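Please read the structure below before turning to the comments.
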Amino acid sequence: MILKAENLSKSFRNGERTLSVFNDVSMEINAGDLITIMGPSGAGKSTLLNILGTLDKPDSGSLNLAGQDVAGASQNEIAELRNTILGFIFQFHHLLPEFTALENVLIPNQIAGGEGNTSKGKELLDYIGLAERMDHFPSQLSGGERLRVAVVRALMNDPNLVLADEPTGNLDLGNANRLVDLFQKINSDFNQAFVITTHNPDVATIGNKKYYLENGTLSLSDSI
Ligand code: ADP
């Protein structure tokens with residue numbers, strides 16, 4: 001088991017008012033899982049993903065990552081856990097504009113204290129079909145290509161789990177389909193676990209476990 005969340009609840013306080021985002025959310029993620037969380041905008045998908053990724057804290061409930069209870073861990077232990085267990089992909093890729101595609105994907109290695117595994121970076125960029133683009137800067141890449149570079153960057157430290165927040169949200173249909181195909185291929189070629197949030201029913205169909213988040217409740221859905 002990579003991740004176990006039990007009875008997570010989260011609310012935000014805005015002045016006098018409290019907005020309850022979700023209650024009693026539980027889920028278990030194992031190696032090879034391809035999990036989708038679908039829900040309308042504002043349903044709390046990003047908030048949930050941030051909590052699963054230790055970027056935010058729940059009000060109550062427990063989160064266990066690779067056998068370690070996150071609530072009982074120090075800030076340093078949580079950062080270490082996040083860097084070794086998790087990879088992140090955001091809708092707005094967050095590539096650094098002054099670095100090439102190859103340099104961008106080496107950054108997680110460098111943050112982890114290494115020089116950057118150039119041969120692995122090149123191999124993965126080749127795998128996603130960007131062999132000819134590795135020396136291009138983000139501004140010289142299409143939106144779909146930038147997202148694919150962000151996918152490689154998320155994989156560089158061999159995470160047990162990749163969390164992707166609305167990754168196709170900003171792409172046209174062709175690029176969205178290509179990205180979804182890539183997630184499926186990585187999942188089956190490397191047994192890589194993913195959690196992907198989306199408001200798009202077509203994207204949600206790829207999950208081996210499909211969840212639906214609405215009105216504060218997470219449910220498993222077979223009907224998507
Ligand atoms: P989704 O990703 O499904 O679109 P979000 O998780 O971004 O939804 O947001 C869920 C709800 O929580 C929204 O109503 C949003 O306005 C609110 N929200 C998100 N982050 C904060 C915050 N930091 N402070 C207050 N409210 C927030």
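In what follows, residues are counted from 1 in the order of the sequence shown. Keep in mind that what you see is a predicted model, and the values were worked out from it rather than measured. Basis for what follows: all heavy atoms, side chains included, without hydrogens, waters or symmetry-related copies. In listed order, ligands and their atoms are each counted from 1.
For the side chain to side chain contact (heavy atoms under 4.5 Å, CB included) with L124, the qualifying choice from N117, V152, V105 is V152, the only one to do so.
Residue contacts with ligand 1: S41 is included, with a non-hydrogen atom under 4.0 Å away.
Closest protein heavy atom to atom 5 (P) of ligand 1: T47 OG1, 3.7 Å. With hydrogens left out, the protein atom closest to atom 8 (O) of ligand 1 is G44 N, 3.1 Å, a heavy atom. The single protein non-hydrogen atom nearest to atom 7 (O) of ligand 1 is S46 CB, 3.7 Å, given as residue, atom name and distance. The shortest contact between atom 13 (C) of ligand 1 and any protein heavy atom is with G42 O, 3.8 Å.
By the 3.5 Å distance cut-off applied to N or O atoms, L19 is not counted among the residues near ligand 1. Residue-to-ligand polar distances keep F12 apart from ligand 1: every N/O pair is separated by 3.5 Å or more.
Side-chain N or O atoms of K45 include none that pairs as donor or acceptor with a backbone N or O of T198 at under 3.5 Å. Looking at Q68, its side chain never comes within 3.5 Å of a backbone N or O of L81 through a donor-acceptor pair.
Below 4.0 Å from some heavy atom of K45 lie the following atoms of ligand 1, by number and element: 1 (P), 2 (O), 3 (O), 4 (O), 6 (O), 8 (O). Close contacts between ligand 1 and P40 involve ligand atoms 3 (O) [criterion: under 4.0 Å to a heavy atom].
With hydrogens and angles left out, the side-chain atoms of D165 and S46 include a donor and acceptor closer than 3.5 Å. Looking at T100 and D135, their side chains never bring a donor and an acceptor atom within 3.5 Å of each other. The closest side-chain donor-acceptor pair between N109 and N157 falls under 3.5 angstrom.
Proximity of V21 to ligand 1, defined as any heavy-atom pair under 4.0 Å, is confined to the side chain (atoms from C-beta onward).
Looking at N160 and L86, their side chains never come closer than 4.5 Å, going by heavy atoms from C-beta outward.
Within a 4.0 Å radius of atom 19 (C) of ligand 1, the protein contributes at least one heavy atom.
Taking a cutoff of 4.0 Å between a charged side-chain nitrogen and a carboxylate oxygen, D158 and K120 qualify as a salt bridge.
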